[in-house]
2 protein chains.
Amino acid sequence: MDLTERKLKILQAVIADFIRTAEPVGSRTISKNYELGSPATIRNEMSDLEELGYLTHPHTSSGRVPSEKAYRLYVNEMMKKTELTQEQKDAIARDLYSNVTELENLIERAAHVLSEITNLTAFAISPRKEQDTLRYINLLPVDAKTIILMLVAESGKVSNTAVRLDKPASEETLRILAKNMTYNYSGKTLSEALTTDIIKTFKADAEAMTMFENNIAPSFIRTLEDMLNVNLYMDGLTNIFSLPEYNDIEKARTFFELVSRKQDIMQKLGSRGDGVLITIGGENEDEELSDCSVITASYHVDGKLVGKLGVIGPTRMKYDEVTSVVEYLTDNLSKAFRLTEGEEDDS
Amino acid sequence: MDLTERKLKILQAVIADFIRTAEPVGSRTISKNYELGSPATIRNEMSDLEELGYLTHPHTSSGRVPSEKAYRLYVNEMMKKTELTQEQKDAIARDLYSNVTELENLIERAAHVLSEITNLTAFAISPRKEQDTLRYINLLPVDAKTIILMLVAESGKVSNTAVRLDKPASEETLRILAKNMTYNYSGKTLSEALTTDIIKTFKADAEAMTMFENNIAPSFIRTLEDMLNVNLYMDGLTNIFSLPEYNDIEKARTFFELVSRKQDIMQKLGSRGDGVLITIGGENEDEELSDCSVITASYHVDGKLVGKLGVIGPTRMKYDEVTSVVEYLTDNLSKAFRLTEGEEDDS
DNA sequence: GTTAGCACTCTTACCTTGCGAGTGCTAACT
DNA sequence: AGTTAGCACTCGCAAGGTAAGAGTGCTAAC
């Protein structure tokens, strides 16, 4: 059923007020602040909206509170994207790029900025590296029985470990090994490399094979896994203490227990779809998130690797504002990664 | 003034009871559970103990609570170190070493185990690397205008970054550069390296100098700082919600805000003395920690580098138990690091 | 020096009460 | 038919009052 224009306006007013104050909104308040008719009229309309499932009543005698259905309608139809002003954009960019040396660092920074602006709990996860391929493998002698295993990926990421050997290895052996490994692994994605067995390619050189098998392979696998690893950055956790909905110690506890299970969070958020995605309360598959809203957006590295950032907060959140910021930040990240992947500019 | 034996026993009883229950302890309770006389007698003694500053009174009509002075006395004189049983030790060791691949990982794991056992907020910080020296510097070509800068420290730690160059560099230039850098930096501590200027050593090779100055030096400095960096791992943050002293939302908030300033925490805890160190309430120089107790202990790497781990909790904590666990864990870490630094064992 | 007894204090839980905000309904108005 | 004023009613919340319980401090007897 289509809502009349006035019903829509009233609904919007209730939502706006409730998002601002966290208090149930009464008919008088709406009547005073908006030109939508007398309290009695508003009451009648509100009653209808309640019947339609857009508003609820905490108790008979208190004002109305928007339902999830209302938020959904708001997000889909009524919310006007608040384009950030140039000053806001500049301020964000300044914050984002200040103090940043490594790209990984930029991701962390994005979470920080996001939480500062939205006053919510923000997170950012680094790109999933499944698509990244190996370019280059190197073995460097350090001392007689220590070498360094070094993997260079197409994306530019470098990872290494010190490996201790059973017995000294000649430079020649190391050279052969590295050459063989590079030959066999380069061009393969990290995950493919994990499942590729190259032992058989050593038939010419028993010594190299033994060394690979006994000393290098374990470190190699570990390093690959490390490169694949996705990092989660969270910031603004304590912001929830400012929210009236978390004034209850049990609520706060539940929230903190949820977000401290980083593995879970990473999986839940990482598996969300691309683009800006808003899930409201019960729309979250996760029981534990059923009274939160989550807004995420994805950024891209090299057009393939995908990372995410977003916020977790109460269903009462400034959807418009948060959406704009999240979008602007992911745009910036994507741009930053494109710059360094390809040609560097001279700024 | 010396306390009589009975006063000591009563004090100990009050402390034990209060640590267990978090409730002010009355004279009847003590009288019933310990053979120390009638309630009235206990009351008189308690009154004396209060005058001496060992006990306080939340209100006229409630039981006694130990003062910080009492905890200090308890920790110094009365607490008997509870040696862990072999089973406990085994269980801890099993937990500690499960799932550990890298040493850095072991530190994180130690914080986890510590928080699980003590039900407090635990932390561990990786060793300060001030004493670590550079062994070896390498520059590896990746493609025409990308190289990898790689630093190897005496401790075995390896760190690297991809460096983009203004213009292509010949292998020869890179070789000269790497050789020169190694010659000038090896043997220097990381901090010394940061303050050493080697530009002048390039007088023979203008090209190498320019490249070092324009492209490599910034990355070099960044990488050094990264190697120096100490990591902080915290675990069991949500444990504080189980403590009655943090049932107040403001208390919880303050605590979380404190521990989320990781830089501060790192500095405060990192600068503590060696060995097992217990600071109680106001003994903490930090205002914000003035109603917490902190127990830390240090572990050693290679006899020089020092890392720390410990717990933060209310002044009412099981000092004996926590001390034992903290000690056992640092012993284990020191041992683990000794093993891998020197000769590997074959387990 | 130790203990029993007792008055007193203070906290806590519980109940009552009154107020304010807000609703729902009815009836009058446009 | 839609809108509005009026009014009784509901409910949550804060304030005040009371009773119970735990514990102390003091006095006097053992």
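Throughout, protein chains are lettered first and strands after them, A, B, ... in sequence-line order, and every chain is numbered starting at 1. What you are looking at is a predicted structure, and each value in this text was computed from that prediction instead of being measured.
Put simply, CG on B/Leu55 is 15 Å from P on D/dG23, counting in whole angstrom units. When the P atom of D/dT4 is taken as reference, atom CZ of A/Arg6 falls 7 Å away, rounded to whole Å. Atom P of nucleotide D/dT10 and atom NE2 of A/His57 are separated by 14 Å, given to the nearest angstrom. As a whole-Å value, the separation of A/Glu50 CD from C/dG24 C1' is 11 Å. A/Asp48 places its CG atom 13 Å from the C1' atom of C/dG24, with the value rounded to the nearest Å. If you take CE of B/Met46 and P of D/dA22, they are 16 Å apart, rounded to a whole angstrom. The separation between A/Arg28 atom CZ and D/dT4 atom C1' is 14 Å, rounded to whole Å. Here C/dG1 presents its P atom at 16 Å from CD1 of B/Ile42, a figure rounded to the nearest Å.
Base pairing of C/dC6 is made with D/dG25, judged by Watson-Crick or G-U wobble geometry with both donor-acceptor distances under 3.5 Å. Pairing for C/dT16 is with D/dA15, a Watson-Crick or G-U wobble pair whose two hydrogen-bonding atom distances lie under 3.5 Å. Nucleotide D/dG2 has C/dC29 as its partner under the Watson-Crick or G-U criteria, with both atom distances under 3.5 Å.
Aromatic rings of A/Phe241 and A/Tyr246 (six-membered ring for Trp) have centroids beyond the 6.0 Å cut-off, not under it.
If you take NZ on B/Lys89 and CG on B/Leu329, they are separated by 11.5 Å, rounding to the nearest 0.5 Å. Taking CD of B/Glu83 as the start and OH of B/Tyr328 as the end, the distance is 10.0 Å to the nearest 0.5 Å.
The backbone N or O of B/Glu327 sits less than 3.5 Å from a side-chain atom of B/Thr330, completing a donor-acceptor pair. Not a single donor-acceptor pair under 3.5 Å links the side chain of B/Arg64 to the backbone N or O of B/Glu50.
You'll find that the side chain of B/Ala40 is closest to C/dT3, out of D/dG23, C/dT3, D/dA5. You'll find that the side chain of B/His59 is closest to C/dT11, out of C/dA4, D/dT3, C/dT11.
A donor N or O paired with an acceptor N or O is found under 3.5 Å between the base of C/dG5 and the side-chain atoms of B/Arg43. Put simply, the side chain of A/Ser61 and the base of D/dT10 share a donor and an acceptor less than 3.5 Å apart.
Taking side-chain N and O atoms only, A/Ser27 has a distance below 4.0 Å to OP1 or OP2 of C/dT23. At D/dT24, one or more side-chain N or O atoms of B/Arg64 fall inside 4.0 Å of OP1 or OP2 (strictly under the cut-off). In terms of phosphate contacts, A/Thr41 brings no side-chain nitrogen or oxygen within less than 4.0 Å of OP1 or OP2 of D/dT3. Distances shorter than 4.0 Å separate some side-chain N or O of A/Thr60 from OP1 or OP2 on D/dC11.
Nearer the 5' end of DNA chain C, as judged by each residue's closest nucleotide, is the contact made by B/Leu36, out of B/Pro58 and B/Leu36.
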